[in-house]
Amino acid sequence: MSILTLSIILFALLFLFLGSGLWVALSLLGVGMAAMALFTDAPLGLVMATTIWGHGNSWALAALPLFIWMGEILFRSKLSEDMFTGLSPWMNRLPGRLLHVNIFGCGIFAAVSGSSAATAATIGKLSIPELAKRGYPERMVIGTLAGSATLGLLIPPSIILIVYGVATEQSIARLFVAGILPGLLLVSLFVGYVALWGLMNKNSLPREDTRYSLREKLYHSRRLLPVMGLIAGVIGSIYAGIASPTDAAAVGVVLALVMSWASGSLTWESFTEGLMGAMVTSCMIAFILAGASFLTVAMGFTGIPRLLAEWIGGMGLSTYTLLAALTVFFVIMGCFLDGISVVVLTTSVIMPMVQQVGIDPLWFGIFVVIVVEMSQITPPVGFNLFVLQSLTGRNILTVARAALPFFLLMLLALALIVVLPEIVTFLPENM
């Protein structure tokens, strides 16, 4: 059977499983089992057992539930309220005024939660009613939240970067550090766009008559100190080489518990809810990773990745052409699957192609995450759009239209890291 026919059969089987509502993890396992049973002579049960155990028994993977738990603790604390109070005095004189609170608030919360959905829900619950009450245009409020919440996937500690690191055997510490400058680039592009929009639409913004002295601004900013200390502790310890990502995640959980207790929001109920939420999310991701690891090995037995890489290499595609094709592919995949599923589904087939044309796997990890971020605000299944739809009560197309400028800004950021790969590689190379 030709490699093309085999690939079509397996892809059709995968979409049949996913379309029937079968869990992503079970769909991956099913396709892997079919590939092994029908197209190879390898012992199916033995390969499945050793692969799932070998990939699950990973110390690097221990960081995943810890960072998720840290985000769950802070999600239930007064952190978002403190951030709004601490940031708003500094923003009300900028073009765009308090719309910037959404961007910086999401950027800060993204750095401690690692989840774009949690970022959108947490900051949105606070800022949407507050900005609506002050008379800010709803479209810009929704758009800034939709775009900025995706930073949870990129700004470390990022759950999806841990998943990519485990799936492709890349250093998670280096991936975290590689995400810092692209994350700051996206924040800068969002702030620049909102400022430009604010200058061109002054009459659409409400007047902010409250004026703060420098002393008052600094006084309000004291509420930002705990979360900034947490970010500096987690990321700084990894960058300095003091702690591994797993060690830093454990420290982050302890600090998050202390912060939540100090703010008065840590109760037995919130503690157990956070623990259960983290367990459910971690189990889901671990199950998907187990299915993906088996599918990766099954694909290796069939020879599809190697032959596909040779085929791509024989076509003589330039690096830019391949990246453009992969961007379209990932955005389309992201319209139907969540970001983690997209990463684990595609790495086994995509990575040999990427390495064939000489693309750095570390750089490619950040590239993939930005594209997955874009798919989070692309209908019909952009997850952040659903979160904001539930918070605002607007239909999905209204929310998607508000998010469109930020989708285009992410596309610009993607182009910049392609033209200037040093944006991604500078910090990891100087660790």
Specify whether F406 and F190 have parallel, tilted or perpendicular ring planes, treating 30° as the upper limit for parallel and 60° as the lower limit for perpendicular.
-> perpendicular

I172 and its side chain to side chain contact (heavy atoms under 4.5 Å, CB included) partner, picked from V177, V163, V166, L161 | V166

Heavy atoms, side chains only, cut-off 4.5 Å: are I377 and M410 in contact?
-> yes

Nearest-0.5 Å distance that lies between atom CG in L185 and atom CG in L420 = 9.5 Å

Could you tell me whether the side chain of V424 reaches within less than 4.5 Å of the side chain of L181, counting heavy atoms only?
-> no

L29 side chain reached by I52 side chain, heavy atoms, under 4.5 Å = yes

Between S260 and A256, is there a donor-acceptor pair closer than 3.5 Å when you use the side chain of the first and the backbone of the second?
-> no

Compare all side-chain heavy atoms of T168 with those of F364 and state whether any distance is below 4.5 angstrom.
-> no

So F301 and D41, side chain to side chain contact (heavy atoms under 4.5 Å, CB included) or not? Walk me through it.
-> CA-CA 9 Å; F301 274 101; D41 297 323; over 6 Å; no

Give a yes or no answer on whether the side chain of W69 reaches the backbone of G277 with a donor-acceptor pair at less than 3.5 Å.
-> no

State whether the number of non-hydrogen atoms from other residues, nucleotides or ligands found under 6.0 Å of N430 atom CG is greater than 12.
-> yes

Between the CD1 atom in I359 and the CG atom in L322, the distance rounded to the nearest 0.5 Å is 5.0 Å

Which pair of heavy atoms, one from L266 and one from L257, lies closest together, and at what distance?
-> CD2-O, 3.7 Å

Above 12 or not: heavy atoms from other molecules or residues under 6.0 Å from CZ of F426?
-> no

Side-chain heavy-atom pair E429, E422 within 4.5 angstrom cut-off | no

Decide yes or no on side chain to side chain contact (heavy atoms under 4.5 Å, CB included) for M36 and M33, but give the supporting numbers first.
-> CA-CA 5 Å; M36 292 281 288; M33 290 171 68; 5.9 Å; no

What is the distance from atom CD of E273 to atom CD1 of I73, rounded to the nearest 0.5 Å?
-> 12.5 Å

Residues which pass ring pair (Phe, Tyr, Trp, His ring centres under 6.0 Å) with F176, listed by chain and number, not counting sequence neighbours = F67

Locate the shortest heavy-atom distance separating A249 from L66; write the atom from each residue and the value.
-> CB-CB, 3.5 Å

Does the side chain of L154 reach to within under 4.5 Å of the side chain of P182, using non-hydrogen atoms?
-> yes

Could you tell me the separation between the OG1 atom of T392 and the CD1 atom of I142, rounded to the nearest 0.5 Å?
-> 4.5 Å

Report the relative orientation of the aromatic rings in W268 and F271; use parallel for angles under 30°, tilted for 30 to 60°, perpendicular for over 60°.
-> parallel

Interatomic distance, F330 atom CZ to L326 atom CG [nearest 0.5 angstrom] = 5.5 Å

Taking all non-hydrogen atoms of both residues, which atom of L186 and which atom of A413 are closest, and how far apart?
-> CD2-CB, 3.6 Å

Can you give me every donor-acceptor pair (side chain of residues 13-28, partner residue at least two apart or in another chain, under 3.5 Å) with its distance?
unit_1, atom_1, unit_2, atom_2, d
S20, OG, L16, O, 3.3
S20, OG, F17, O, 2.7
S27, OG, W23, O, 2.9

In short, L362 meets Q170 closest at the heavy-atom pair N-OE1, 3.9 Å

Check whether any side-chain N or O of S148 sits under 3.5 Å from a backbone N or O of L145 as a donor-acceptor pair, and report yes or no.
-> no

Distance col, row L131:CG vs N102:CG, nearest 0.5 angstrom, shows 5.5 Å

Report yes if the distance between the aromatic ring centroids of Y193 and W197 is under 6.0 Å, otherwise no.
-> no

Any side-chain heavy-atom pair of Y320 and V418 under 4.5 Å | yes

Does T398 use its side chain to pair, donor to acceptor, with the backbone of R394 at less than 3.5 Å?
-> no

Closest heavy-atom contact between I417 and F367?
-> CD1-CA, 4.0 Å

Side-chain (T272) to main-chain (E269) donor-acceptor, under 3.5 angstrom = yes

Atom of A298, atom of G32 and distance for their closest heavy-atom approach = CB-O, 3.6 Å

Counting N and O atoms only, with roles assigned by atom type, does the side chain of R174 sit under 3.5 Å from a partner on the main chain of P428, one being a donor and the other an acceptor?
-> yes

Is there a donor-acceptor pair under 3.5 Å between the side chain of T150 and the backbone N or O of G147?
-> yes

So, do L414 and V371 sit near enough that their side-chain heavy atoms are less than 4.5 Å apart?
-> yes

